[in-house]
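All of these numbers come straight from a predicted model, not from anything done at the bench.
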Amino acid sequence: MRGRSKLRAKASRFAAYGAFVAETVGGPLATSTAALSALTFLLVLAFPPAGGPVSGLPVLLYLTSVGYSVVALAGASAMVSDLKGPAQVFLSQPISRTAYALAWLSALLTSALATFSAFLLSFAVIDPILLRAVDPILAAAWLLDAAILALALLAAAVLARRASVLVALWAAMTFGSAFLLALPSEHLRRAVAVARPLYSALSGWGAAGGPPLAESALLAAALALLLYWLARARLEV
């Protein structure tokens with residue numbers, strides 16, 4: 001019974017803080033999702049008839065990825081601001097350091113799912129047949145890409161606690177990766193393809209075997225462990 005009571009208490013504290021985090025990033029998330037949904041709808045209208053090649057799909061996937069990256073940056077920046085003030089109240093309640101980090105990660109991953117769902121919903125509303133153009137590998141690459149970005153930004157937020165560091169990392173991952181993927185170095189391109197699987201899929205790099213999704217999943221897991229370790233080691237009251 002005591003074990004259950006402790007579990008309920010922890011769940012209650014996590015739910016309370018999760019609600020606060022959702023409220024903190026809810027505005028940017030709602031605005032971004034609405035804007036991306038409207039943009040998706042307009043771009044899909046310009047696509048060729050159903051059954052033909054969906055030539056604008058790569059651009060659309062890239063734009064939704066960049067749009068989500070802005071939300072992730074805003075969320076991680078909000079976490080930095082929170083760590084400089086309000087977080088101290090929650091961390092002394094006691095809400096565990098890992099639950100604190102998990103609440104922010106859950107908010108950003110939920111925003112990624114909302115953004116991608118808006119993308120698919122636009123296709124379904126216009127013509128469900130267009131959904132066939134979204135290859136499962138592309139969908140997996142988009143979601144993995146978003147998870148890696150969110151994890152990297154949150155880890156940087158806990159480690160550096162400086163908005164300028166987050167902006168630099170965001171710019172490097174969002175725009176620098178696309179440039180590096182075009183370089184002739186095979187090893188460098190492989191590293192970028194793992195870190196940004198969507199970019200790899202859209203550029204056609206490694207087309208014979210597809211993007212290295214398994215390696216990207218391992219990277220996401222490693223970043224999750226890093227965030228867990230940083231939360232335990234760096235989040236102090």
Worksheet item: With no hydrogens and no angle check, is any side-chain donor or acceptor of Ser65 less than 3.5 Å from a backbone partner on Leu61?
Response: no
Discussion item. Under a plain distance cut-off of 3.5 Å, with no hydrogens placed, do Ser69 and Trp170 share a side-chain donor-acceptor pair?
Written reply: yes
Response to the item:
When every non-hydrogen atom of Leu202 is compared with those of Pro58, the smallest separation belongs to CD1-O, 3.6 Å
Fill in: Leu144 side, atom CG; Ser200 side, atom OG - distance, nearest 0.5 Å
11.5 Å
Fill in: Verify same cluster id: Val59, Val66 (apolar side-chain graph, 4.5 Å)
yes
Worksheet item: Is it the case that one hydrophobic cluster holds both Leu218 and Ile137, taking links as side-chain heavy atoms less than 4.5 Å apart, direct or via other members?
Response: no
Worksheet item: So how far is it from Thr174 OG1 to Leu149 CG, rounded to the nearest 0.5 Å?
Response: 5.5 Å
Worksheet item: Can you tell me how far CG of Leu131 sits from OG of Ser122, rounded to the nearest 0.5 angstrom?
Response: 10.0 Å
Worksheet item: How far apart are the closest heavy atoms of Leu230 and Ala155, and which atoms are they?
Response: CD1-O, 3.5 Å
Discussion item. So if I apply the side-chain contact (heavy atoms from CB on, under 4.5 Å) rule between Leu151 and each of Leu108, Leu109, Leu223, Leu219, which one comes out positive?
Written reply: Leu223
Item to complete: Can you measure from CD1 (Ile148) to CG (Leu198) and round to the nearest 0.5 angstrom?
Response: 10.5 Å
Worksheet entry | Contact summary for Ala231 and Val158, nearest pair of heavy atoms | N-CG1, 4.4 Å
Discussion item. If you compare all heavy atoms of Ala195 against all heavy atoms of Asp145, which two are closest, and at what distance to 0.1 Å?
Written reply: O-OD2, 4.5 Å
Discussion item. Centre-to-centre under 6.0 Å for Phe123 and Phe119, is that the case here?
Written reply: yes
Worksheet item: Hey, would you say the Tyr199 and Tyr62 ring centroids sit under 6.0 Å apart?
Response: yes
Worksheet item: Would Leu120 and Leu63 show up in the same hydrophobic cluster when neighbours are defined by side-chain heavy atoms closer than 4.5 Å?
Response: yes
Discussion item. So which atom in Trp104 and which in Leu154 form the shortest heavy-atom distance, rounded to 0.1 Å?
Written reply: C-CD1, 3.9 Å
Worksheet item: Can you name the nearest heavy-atom pair linking Leu180 to Arg189, along with the distance?
Response: O-CG, 4.0 Å
Worksheet item: Ser216 side chain to Val194 main-chain N or O, any donor-acceptor pair under 3.5 Å?
Response: yes
Worksheet item: Any side-chain heavy atom of Thr64 within less than 4.5 Å of one from Trp142?
Response: yes
Practice prompt. Answer yes if Leu225 and Leu105 sit in the same cluster of Ile, Leu, Val, Met, Phe, Trp and Tyr residues linked by side chain heavy atoms under 4.5 Å apart, and no otherwise.
Written response: no
